[in-house]
4 protein chains.
Amino acid sequence: MVGLFEMKKAAEVRDTKHVILKNALQLFLKKGYRAVTYQDLMKKTGLSKGAIYHHFASKDELLEGVFGFLLDTTRQPAVESPEDCVTDRETFRELFVRGKLAQIQGFKKITHTRSLKVNRLLFFLEAINENDGLKQSIEELMQEEKMFLVKCFTGLQKHNRLPPGKDPALLAECLFWMLQGSEMRLFVSDDYNLEADCINGYNKTIDDFFAITGCL
Amino acid sequence: MVGLFEMKKAAEVRDTKHVILKNALQLFLKKGYRAVTYQDLMKKTGLSKGAIYHHFASKDELLEGVFGFLLDTTRQPAVESPEDCVTDRETFRELFVRGKLAQIQGFKKITHTRSLKVNRLLFFLEAINENDGLKQSIEELMQEEKMFLVKCFTGLQKHNRLPPGKDPALLAECLFWMLQGSEMRLFVSDDYNLEADCINGYNKTIDDFFAITGCL
Amino acid sequence: MVGLFEMKKAAEVRDTKHVILKNALQLFLKKGYRAVTYQDLMKKTGLSKGAIYHHFASKDELLEGVFGFLLDTTRQPAVESPEDCVTDRETFRELFVRGKLAQIQGFKKITHTRSLKVNRLLFFLEAINENDGLKQSIEELMQEEKMFLVKCFTGLQKHNRLPPGKDPALLAECLFWMLQGSEMRLFVSDDYNLEADCINGYNKTIDDFFAITGCL
Amino acid sequence: MVGLFEMKKAAEVRDTKHVILKNALQLFLKKGYRAVTYQDLMKKTGLSKGAIYHHFASKDELLEGVFGFLLDTTRQPAVESPEDCVTDRETFRELFVRGKLAQIQGFKKITHTRSLKVNRLLFFLEAINENDGLKQSIEELMQEEKMFLVKCFTGLQKHNRLPPGKDPALLAECLFWMLQGSEMRLFVSDDYNLEADCINGYNKTIDDFFAITGCL
DNA sequence: AATGAATGAGCGTTCATTCAT
DNA sequence: AATGAATGAACGCTCATTCAT
């Protein structure tokens with residue numbers, strides 16, 4: 001039967017591509033993009049150079065593929081109307097942390113890694129430097145996350161959880177940068193347990209933020 | 001007797017070393033550490049490979065030298081007792097921004113550059129990755145800056161500028177990460193005027209922070 | 001019984017082979033033998049690598065096939081007894097040019113190309129270098145053409161068109177090399193219109209030759 | 001003494017460069033430009049890849065260097081006023097053949113080779129194909145040679161060695177192409193003794209040409 | 001007959017480093 | 001202190017070829 005045959009072949013192709021992407025991502029995160037060589041890729045994937053080139057015509061194309069792969073596996077599905085779901089600190093925290101957790105778990109599933117060290121940032125910056133398209137993706141990703149926070153704080157305002165006169169948009173932006181900054185801490189620290197440390201970090205940042213701003 | 005001749009020679013040595021450090025720093029910031037080759041260094045310094053190797057035995061040693069050079073030229077002299085000088089938002093802002101401005105100007109003096117793009121971060125992360133000693137330096141630097149902020153907020157508390165019940169240490173830490181995060185924005189943005197954009201960024205972050213926390 | 005089905009299959013085979021030969025020839029003439037890759041061949045033929053290898057077991061075998069194909073399509077049918085047909089310069093010119101024209105048109109039919117630049121020569125020399133069999137073919141071809149010219153000049157002599165005492169064989173050989181040489185001019189020139197420039201070139205060479213030798 | 005020292009160093013550099021050029025030329029003539037690899041060059045020169053790249057930044061630059069080297073070593077000094085020296089066939093032949101002989105001997109001195117096969121032509125055509133600058137050089141070279149012949153035939157005309165009504169420029173051009181063509185014969189033939197076969201070839205071509213045109 | 005995934009040798013080139021001068 | 005010729009390992013990439021399907 002033709003159908004089955006072709007499906008099998010297509011699956012194998014996807015498999016090899018997937019093997020390359022997964023292993024390349026792990027290497028890129030561990031050593032940075034430039035530092036990873038085809039030698040490394042060959043050893044890690046068990047494939048020949050030619051096979052990798054058969055699927056990705058250049059290292060840059062591989063970078064794009066890996067980046068897309070990382071975003072696909074990592075991006076949580078957009079939450080519908082956070083401005084309605086979020087009614088207080090706990091619902092906000094739950095929503096936010098749940099999303100991050102899903103991201104981290106997707107990430108762990110493909111990298112089989114517990115630690116990141118500085119290298120996710122390094123990989124991102126190299127990507128930005130090498131490839132203008134990827135730079136855009138990263139900026140869009142940041143914008144998206146900021147908008148999500150604005151909606152959350154709009155929800156909190158609707159339920160009178162903000163101190164009088166506080167602008168939800170301003171609060172959202174401040175929290176966004178604080179989260180960015182404190183995420184850097186993870187990368188600088190030696191090593192960390194992804195789930196525990198990361199989630200704890202997010203929780204602490206949210207608690208601190210609510211404490212210093214007087215949100216409830 | 002250390003004659004004039006020896007002094008002249010010593011001065012020349014320091015000169016050549018300085019020429020190498022300055023130009024290497026500019027290149028590292030522009031392209032990242034790994035991407036800079038001895039070819040680049042030769043063209044920029046006008047020296048031969050051998051001359052550079054004469055002063056720095058390897059690329060890694062050069063990296064350390066350049067990093068130390070960057071810190072030396074950049075680090076502002078510690079302010080004595082900020083907890084006494086800082087009495088309100090304006091004295092805090094003035095003190096903080098003055099320090100940053102001094103940093104930026106020292107930086108400009110050696111790099112002759114107005115823009116940084118993403119590459120300061122890239123350079124730092126590469127440095128962290130390549131060389132454990134440098135990683136420590138960076139962490140110490142961050143710790144130092146955090147302590148400075150704690151002292152400032154202690155000063156503010158002494159003058160009743162904090163809302164009741166707010167912990168100066170917590171406020172300092174939150175502002176620290178927010179500043180880190182918002183600095184990232186600069187690196188992601190295409191290009192920026194160091195003095196104007198940077199200082200504006202710091203001012204805006206401080207204003208926002210005082211606005212959302214209710215500090216005066 | 002050789003059914004319709006088998007005939008159809010045989011025709012298809014010949015078709016595919018023909019497609020490969022035709023396109024390979026065009027590529028070889030355009031870029032030279034060594035410079036043409038299977039990548040190029042795939043793109044031009046629309047076939048897969050495997051398909052090409054199915055019909056030609058190696059690149060060298062393909063070269064032989066293409067060369068034979070070029071000769072087959074290009075070689076004009078031998079003129080019977082030129083020593084009888086050629087009675088003066090005009091009959092000679094007509095006979096010679098008609099043959100060349102047939103060659104060129106056969107060539108155009110398979111290559112769909114108006115220009116050759118240096119590459120026919122390049123292709124021939126590469127062929128000679130790579131494959132001893134092909135070298136022989138080329139030498140035979142040249143010998144054949146020389147003999148044809150000898151017969152023509154014999155015809156001219158029979159009709160008293162040669163100055164007294166001139167050896168038809170010597171005249172033929174001289175014209176042959178002059179034609180070879182002046183053909184080189186075409187390859188060195190940037191580009192040329194096959195029919196017009198080529199035929200004009202032959203006509204001019206013949207005229208010049210008759211002028212300097214005093215043949216009629 | 002500084003002068004001697006620097007002269008020695010300069011001589012060594014020139015030596016290495018010369019070694020590379022000489023060996024590269026031999027290889028290019030033997031196998032063609034594309035077919036020669038750095039592997040070949042390393043083996044033949046006894047130098048490392050890096051050393052070759054130190055002197056020639058790319059294969060194309062090496063090609064240019066080799067080509068210039070070939071022309072330099074090969075080009076005979078321009079004869080002054082051939083229109084005066086050439087008075088009859090023998091003075092013409094002597095002048096022409098002497099120049100060619102000098103060329104061949106210069107060539108032998110650098111290549112230590114007796115045979116060329118097809119490859120000088122192949123090398124030239126590849127050079128034309130790869131590098132537009134070289135194409136120009138070759139065309140200029142041909143033009144130069146043609147002009148030289150025109151001057152020779154002008155000399156012959158001045159001494160009444162041409163049949164009445166024969167144009168010296170036309171005769172020169174015809175002979176030029178005949179020489180080109182008959183040189184091709186050498187390249188197609190298996191192998192040949194440079195001095196003997198080449199010079200014999202030129203002599204024969206000249207004799208034949210004088211015979212068929214009636215020049216004296 | 002035809003596909004295209006996979007191989008592995010080898011390509012031109014770059015690089016940090018060494019060393020005689 | 002400084003030069004720059006030379007090294008050799010490794011780089012990203014291309015190629016003709018094989019083979020299971």
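None of these values were measured; they are calculated from a predicted model. First the proteins, then the strands, lettered A, B, ... as listed; each starts at 1.
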(request) May I ask you to verify whether the side chain of C:Lys49 and the base of E:dT3 hold a donor-acceptor pair under 3.5 Å? (result) no
As a test of reading the structure: which of [options] is closest to the side chain of [X], going by heavy atoms?
| X | options | value |
| --- | --- | --- |
| D:Thr37 | E:dT17, E:dA6, E:dC11 | E:dC11 |
| A:Ser48 | F:dT7, E:dG8, E:dT3 | E:dG8 |
| A:Leu47 | E:dG12, E:dT17, E:dT7 | E:dT7 |

(message) I need the CG-P distance between B:Leu41 and E:dT14, as an integer number of Å.
(response) 17 Å
Taking only side-chain nitrogens and oxygens of [X], does any of them come within less than 4.0 Å of OP1 or OP2 of [N]?
| X | N | answer |
| --- | --- | --- |
| D:Thr16 | F:dA6 | yes |
| D:Tyr38 | E:dC11 | no |
| C:His54 | E:dT3 | no |
| A:His55 | E:dG4 | no |

(message) Does B:Lys30, at its NZ atom, have more than 12 non-hydrogen atoms belonging to other residues, nucleotides or ligands within less than 6.0 Å?
(response) no
(message) Tell me whether C:Gln39 at atom CD has more than 12 heavy atoms from other residues, nucleotides or ligands lying less than 6.0 Å away.
(response) no
(message) With a 3.5 Å limit on both atom pairs, tell me what F:dT21 is paired to, counting Watson-Crick and G-U wobble, or say none.
(response) E:dA2
(message) Please give me the minimum heavy-atom distance between B:Tyr53 and B:Ser58, naming the atom from each residue.
(response) CE2-CA, 4.2 Å
(message) On DNA chain E, compare the nucleotides closest to B:Arg34 and D:Ser58; which residue's is nearer the 5' end?
(response) D:Ser58
(request) Over 60° means perpendicular and under 30° means parallel, so classify the ring planes of C:Phe123 and C:Phe28, tilted if in between. (result) tilted
